[in-house]
**Q** 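Take a look at the following structure, please.
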Amino acid sequence: MNIFVCIKQVPNTTEVKWDLEKGTLIREGVESIVNPFDLYAVEEGLKIKEKIGGDTKVIAITMGPPQAKEALRDVIAMGADEGILVSDRAFAGADTLATSYSLYKAIEKMGDIGIILAGKQAIDGDTGQVGPGIASWFGYPQITYVKKIVEIKDNKMVAERLTDYGYDIVESELPVVLTVVKEINEPRLPSLRGKMKAKKFEPTVFTANDINADENRIGLQGSPTQVKKVFSPPKKEGGEKFEGEAEELSEILFGKLKELKIV
Amino acid sequence: MNYFLTEEEQMVREIARKIAEEKIIPVRQKYDEEGKFPHDIVEVMAQSDLFRVFIPEEYDGMGLSTLAMLLAVEELSYGCAGMALAYAGTALGITPVILFGSEEQKKKYLPKIANGSLAAFGLTESEAGSDAGNIKTRAEKDGDYYIINGTKQFITNGGVADIYVIIALTDPSRGTRGATAFILEKGMEGFEFGKKEDKMGIRASITSELVFRDLKVHKSQILGREGGGFLMTMKTFDRTRLGVAAQALGIAQAALDAAVSYAKKRHQFGKPVASFEGLQYIMADMAIKVESARALTYMAARNVDAGEKVADITAMAKAYASDVAMQVTTDAVQVFGGYGYMKEYPVEKMMRDAKITQIYEGTNQIMRNIIASQIIKRIK
Amino acid sequence: MGLTGILVIEEQCTGCGVCVGACPFDAIKINDEGIAEIDEEKCTLCGACVDACPFDAIEMKRGESSVEIDKDDYSGVLTFGEINEGELSKVALEMLSVGREIADKRGVKLSSVLIGGKELEKHAKTMINHGADIVYYIEDESLFHFNDELYAEALGKLIEEVKPEVFIGGASAVGRALLPRVAATIKTGLTADCTELDIDNETGNLLQTRPAFGGNIMATILTPNHRPQIATIRPRVMPVPQETEKNGEIKKFDFDTTTFKLSKIIKEAVILSEEEVNLHEAEVIVSAGRGVGSKENLKLIYDFAKKLGAAVGASRAVVDAGWISYPHQVGQTGTTVAPKVYIACGISGAIQHQVGMRSSDIIIAINSDPEAPIFDIATYGFVGDLNKIIPELMKKI
């Protein structure tokens, strides 16, 4: 059985700044990282493999330009068995629908699908759409915001998913698509031996042709959404700052809370 | 400064740094406060293959350079010197087996360490600190066995380690030449752990007594030859004291980084305090000390691997780096001012942690004895 | 390159370099001839340069959409009336205010859809009273719990029949699982987690504005050639409309549920207590950081939050220390929140935390370190010990 983990290479958003005068992104020195949520997905994939054993393989898959192979190297260093890079000029400009289609076609080509894992969302786009998108293309059940896998047995699994009111205990048949939250585990760090393996690693590259993609479903052409405008949000500035004794400060704070009508 | 590290050494450093940043720093204050042993962090170190660094390839290790091991200790200590000690203490404990163990002993014990079991070294006793020749633990021969009685004190990793190398007297009449090294395993009958120390610093490490009560061990557990215990100990320390130097370096670098970044954001008199010359000089001196300690330590490590005579240069590195750590952490607290004295900020812990590096694995006074005896011998 | 791609119109390019800075992927440089050159290996066709170029010298060509949709077939605004375990959610009502605005602008009807197991007619009336003209409800025992696949199938069928031009729902846990599935099923565009919606009356295009890159930039997104245009809206951004007694159509939407393929079941829905309250919907959040000092001191934060009727948030440090559970975590790897008032107690305000809360209307920070970065974004900053200030304050409330 194959466990697929969808990962994305993203700019470290905590370093992305906006140049207000020029109205542009300052990308200097911003490093590329594996989307942090995807690391939880990789860890869970490795954990499942360790648990069920056999000939289970953890296959990381990403769509992106050639340099996205660095993201695959990072997860190979953690212990993933294989890495697939879905990369072709024809995929450029894909929105979440086209991305989920392309990943779906690539995973389908690999076959022997048991579980497809992804992080709950990527920190650059924050959309969280690709997981459910892939599930929809396959017609597989999906469990989003998974915080715990309770058991996997007889082609079925039980998981707990976060909800706005608590959590649900969900049972699903395999194959299934899961998106995971941070609570599910603590991703392992790369090992020394993993890092050495990663250094020599070259991913399998799939082009649009390799996965028999419908050209109307990929890239810019297969993307219903278009970015019309990108702009910087209004800047949040520090306001008033008070120093003094606790008694005095609590008085001022009380006043502010009254003004805001929350007391 | 570029130390022209090998690719493997760079990888070790990267991994240990990541462990420090992501796993150790977020929890170090908690462990320090509670004085708890970080089993979870040790597991991360093992899973990342750090214990394989100093174990030869034939025994599940990776057989990397001494410097690679020191880089791991330095980076882990950058996060928390106490947690790093679980690692460095294991390197110390297993080094005699690597250097002097029989093939059988190596096959039995080294793969365990490579896969994350801890080791400890037991020499010190209540009456035998710097005066290590004064140990009282006895191992009496009884056919193919030895019966060990006595108590070891201040033993790093005592209780959490699975494998122990301890020194006991097999022939008290011969003094230090009557001392023998034994390999012990946790769980042996008559091998117990006594008092767990409550320490000033490195509180995330465990320091406890090893108590031997009619502990019966087979002669195959003797490391090297009978009566060779002290020589082995000295040869071990000649190398492993660099681990203390690396630990001191990590603490010192962390204090320097914390001080500079704090000085840049702390404003007094309307400007960052880093803009005041008085503080700039303190910080510059800190940097000079840290870098020179590093250069000395790394070069000493290269000499160890090259098979040079290293007793004095490793002693210099240990004494110098640990003195630097004490000075630099004290200065860092000064740069932080009142905040530096508070537990909410990390530098007071670094200052407490630094102190031990001047004391253990030979006090810095003992280091100076070693250095002095060497230079007096050498310089005509 | 085919029909799709990006092109620099050399005659118009002045080599000013604005595009170089605008490209988030480092794919543009000014070549030796002083003209912008795009590295196709790196370019993702995001279009940021097209927008940034002051001389209209960059053009993005899109292939003809092969998807033939007669946009005129679609009209009206449909909102998703989220029901959680039988309870109508607040975000369901919030959708009605923004839905109403768009519907009025277009001069079309506002309808809503409810999916659930029972008593939907009651909720339908509530929706009408909050502004919906028509409420469709899909009721079946199998739909009591939120089951992604069944809900998506039901919604897909309804959309096929009703053909709305706009379909919106809350960006809640349910909305963010369900709507992407629906969008992929009917193969249209979806814009997630919008904070602003408007409609271009001429084209009927929904202007969907959302934050990206951790709130560092905002993007306005269109779905020009597909219908319906689907968006999820961040909870608490839109107001709940006034409730007034009003008439509207309530229609049961029937279809064959026997075709449902039950490959997944919800065995149990665990509802946690008020203390574990939903951060998304809270008006006020009291959030605890390292400066709280210990797990024991966290009780002060709980008590304070209780007094204010606020939800309890936390920084990553506090969650990692095991003082509080993960659902409370605000920030990059936790939850993104935007309450009316965010009270940061003992939180230094690392950038990873800031990206999760800086869209809050008012930020109040209490921290003993006057240099803490949280003060850079706090509306009101208090330099002092929270363990002294908050007890004093609670005496007054």
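Order of the sequence lines sets the chain letters (A, B, ...), proteins ahead of strands, with each chain counted from 1.
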**Q** Let me know if Q67(A) has heavy atoms under 4.5 Å from chain C in its side chain, its backbone, both or neither.
**A**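 For Q67(A), the contact with chain C is made by the side chain alone.
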
**Q** Using a cut-off of under 4.5 Å for heavy-atom pairs, which of G133(A), A135(A), G128(A), P65(A) has the most such pairs with chain C?
**A**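 Of the options given, most contacts go to A135(A).
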
**Q** Name the option with the most non-hydrogen atom pairs under 4.5 Å to chain C; the candidates are G219(A), G244(A), A98(A), S250(A).
**A**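 Most heavy-atom pairs under 4.5 Å with chain C: S250(A).
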
**Q** If every non-hydrogen atom of T188(C) is compared with every non-hydrogen atom of L97(A), which pair is closest and at what distance?
**A**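 The pair with the smallest heavy-atom distance is O-CD2, 3.9 Å.
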
**Q** Under a 4.5 Å heavy-atom cut-off, does chain C meet the side chain of L249(A), its backbone, both or neither?
**A**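 For L249(A), the contact with chain C is made by backbone and side chain together.
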
**Q** Which bit of I343(C) is near chain A, if near means a heavy-atom gap under 4.5 Å: side chain, backbone, both or neither?
**A**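 Contact with chain A is through the side chain of I343(C) alone.
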
**Q** Taking H145(C), E87(C), E85(C), K395(C) one by one, which has the highest count of heavy-atom pairs under 4.5 Å against chain A?
**A**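 Of the candidates given, the most pairs with chain A belong to E85(C).
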
**Q** Among the options K307(C), K264(C), K267(C), pick out the one with the most heavy-atom pairs lying under 4.5 Å from chain A.
**A**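 Option with the top pair count is K264(C).
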
**Q** Sort by residue number and list every residue of residues 168-181 of chain A having at least one heavy atom under 4.5 Å from chain C.
**A**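 Counting heavy atoms that sit under 4.5 Å from chain C, the residues of residues 168-181 of chain A involved are D168(A), I169(A), V170(A), E171(A), S172(A), E173(A), V181(A).
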
**Q** If you take all heavy atoms of R181(C) and P141(A), which pair is closest and at what distance?
**A**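 Between these two residues, the closest heavy atoms are NH1-C, 4.2 Å.
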
**Q** Using side-chain heavy atoms (C-beta onward) and a distance below 4.5 Å, is D95(A) in contact with L190(C)?
**A**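 Not touching, per the 4.5 Å side-chain cut-off.
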
**Q** Which one of D193(C), N84(C), N205(C) has the most heavy-atom pairs closer than 4.5 Å to chain A?
**A**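 The option with the most such pairs is N84(C).
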
**Q** Just wondering, more than 12 heavy atoms not from K156(A) lying within 6.0 Å of its NZ?
**A**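 Atom NZ in K156(A) is not packed in, count stays at 12 or less.
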
**Q** Between T185(C) and S136(A), does any side-chain donor sit less than 3.5 Å from a side-chain acceptor?
**A**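 S136(A) and T185(C) do have a side-chain donor-acceptor pair below 3.5 Å.
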
**Q** To the nearest 0.5 Å, tell me how far T335(C) OG1 sits from K120(A) NZ.
**A**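 Separation between the atoms: 5.0 Å.
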
**Q** Salt-bridge test for E247(A) and K388(C): reply yes if a basic N is under 4.0 Å from a carboxylate O, no otherwise.
**A**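 Salt bridge absent between E247(A) and K388(C).
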
**Q** Give, as side chain, backbone, both or neither, the part of L386(C) having an atom under 4.5 angstrom from any heavy atom of chain A.
**A**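 No part of L386(C) comes within 4.5 Å of chain A.
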
**Q** Is L162(A) close to Y326(C) at the side-chain level, that is, under 4.5 Å between some pair of heavy atoms?
**A**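 Yes, side chains in contact.
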
**Q** Let's go through I143(A) and D148(C) carefully: what are the C-alpha distance in whole Å and the side-chain angles of both, what is the deciding distance for side chain to side chain contact (heavy atoms under 4.5 Å, CB included) to 0.1 Å, and is it a yes or a no?
**A** CA-CA 8 Å; I143(A) 312 177; D148(C) 317 51; over 6 Å; no

**Q** Of the backbone (N, CA, C, O) and the side chain (C-beta and beyond), which part of K340(C) lies under 4.5 Å from a heavy atom of chain A, both, or neither?
**A**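 Only the side chain of K340(C) comes within 4.5 Å of chain A.
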
**Q** With T127(A), which residues qualify under side-chain hydrogen bond (donor to acceptor under 3.5 Å, both in side chains), at least two apart?
**A**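 Result, side-chain hydrogen bond (donor to acceptor under 3.5 Å, both in side chains) vs T127(A): none returned.
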
**Q** When rounded to the nearest 0.5 angstrom, what is the spacing between OH in Y380(C) and CD in E240(A)?
**A**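 Atom-to-atom, Y380(C):OH and E240(A):CD are 6.0 Å apart.
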
**Q** Which distance, rounded to the nearest 0.5 Å, do you find between the OG1 of T225(A) and the CG of L222(C)?
**A**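 That separation rounds to 9.0 Å.
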
**Q** Measuring heavy-atom distances to chain C, does Y145(A) have an atom under 4.5 Å in its side chain, in its backbone, in both, or in neither?
**A**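 It is the side chain, since no backbone atom gets that close.
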
**Q** Would you indicate whether the side-chain heavy atoms of R176(C) and T144(A) approach each other to under 4.5 Å?
**A**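 No. Closest side-chain heavy atoms not under 4.5 Å.
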
**Q** Contact between K228(A) and Q208(C) at the side-chain level, heavy atoms closer than 4.5 Å - yes or no?
**A**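 With C-beta onward as the side chain, the pair stays apart.
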
**Q** With only heavy atoms counted, which part of I366(C) is less than 4.5 Å from chain A, the side chain, the backbone, both or neither?
**A**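 Looking at I366(C), just its side chain touches chain A.
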
**Q** Could you tell me which of G64(A), P66(A), P36(A), G131(A) has the largest number of non-hydrogen atom pairs under 4.5 Å with chain C?
**A**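 Highest number of pairs under 4.5 Å: P66(A).
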
**Q** Heavy-atom distance under 4.5 Å between the side chains of E160(A) and E268(C), does that happen here?
**A**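 SC-SC contact between E160(A) and E268(C) ruled out.
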
**Q** Using non-hydrogen atoms only, which part of Y140(A) is less than 4.5 Å away from chain C: side chain, backbone, both, or neither?
**A**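 Interface part for Y140(A): backbone (N, CA, C, O).
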
**Q** Which atoms form the tightest heavy-atom contact between A177(C) and Q142(A), and what is the distance?
**A**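 Reported closest heavy-atom pair: O-NE2, 2.9 Å.
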
**Q** Who among A269(C), A183(C), A365(C) has the most heavy-atom pairs with chain A under 4.5 Å?
**A**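 Greatest number of close heavy-atom pairs with chain A: A269(C).
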
**Q** So, D164(A) and K90(C), do they make that salt bridge, N to O below 4.0 Å?
**A**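 Judged by the 4.0 Å cut-off on N to carboxylate O distance, D164(A) and K90(C) do not form a salt bridge.
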
**Q** Crowded around E245(A) CD? As in, over 12 foreign heavy atoms under 6.0 Å?
**A**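 No - once you tally the heavy atoms of other residues, nucleotides and ligands closer than 6.0 Å, there are 12 at most.
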
**Q** Quick one: CZ on F382(C) to NZ on K256(A), what's the gap to the nearest 0.5 Å?
**A**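 Between F382(C) CZ and K256(A) NZ, I get 7.0 Å after rounding to 0.5 Å.
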
**Q** Atom CD in E392(C), atom CD in E248(A): separation rounded to 0.5 Å?
**A**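 These two atoms lie 11.5 Å from each other.
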
**Q** Judged by atom type as modelled, is there a donor-acceptor pair below 3.5 Å linking the side chain of K241(A) to the main-chain atoms of P370(C)?
**A**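 It does hold such a pair.
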
**Q** So which atom in E183(A) and which in P327(C) form the shortest heavy-atom distance, rounded to 0.1 Å?
**A**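 Minimum heavy-atom contact is OE1-CD, 3.9 Å.
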
**Q** Who pairs with F254(A) by ring pair (Phe, Tyr, Trp, His ring centres under 6.0 Å), at least two apart in sequence or on another chain?
**A**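 F254(A) satisfies ring pair (Phe, Tyr, Trp, His ring centres under 6.0 Å) with no other residue.
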
**Q** Could you check T163(A) against V174(C) for side chain to side chain contact (heavy atoms under 4.5 Å, CB included), going step by step and ending with a plain yes or no?
**A** CA-CA 7 Å; T163(A) 62; V174(C) 167; over 6 Å; no

**Q** Using 0.5 Å steps for rounding, measure from the CG atom of L257(A) to the CG atom of L393(C).
**A**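 Reported value, rounded in 0.5 Å steps: 6.0 Å.
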
**Q** Could you pull out all residues at least two apart from T209(C) that satisfy side-chain hydrogen bond (donor to acceptor under 3.5 Å, both in side chains)?
**A**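 With neighbours one apart ignored, the set is T220(C).
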
**Q** Counting only non-hydrogen atoms closer than 4.5 Å, does E283(C) touch chain A with its backbone (N, CA, C, O), its side chain (CB onward), both, or neither?
**A**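 Nothing of E283(C), per the 4.5 Å heavy-atom cut-off to chain A.
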
**Q** Between R161(A) and I266(C), is any pair of side-chain heavy atoms under 4.5 Å apart?
**A**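 Sidechains of I266(C) and R161(A): in contact.
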
**Q** Only pairs of heavy atoms separated by less than 4.5 Å count here; which of N147(C), V182(C), T223(C) has the most with chain A?
**A**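 Sorted descending by pairs with chain A, the first entry is T223(C).
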
**Q** Please lay out, stage by stage, how K229(A) and M218(C) fare under the test side chain to side chain contact (heavy atoms under 4.5 Å, CB included).
**A** CA-CA 8 Å; K229(A) 190 169 80 167; M218(C) 303 292 288; over 6 Å; no

**Q** If you look at every heavy atom in K182(A) and V319(C), which pair is closest and at what distance?
**A**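 Closest heavy-atom pair between K182(A) and V319(C): NZ-CG1, 4.5 Å.
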
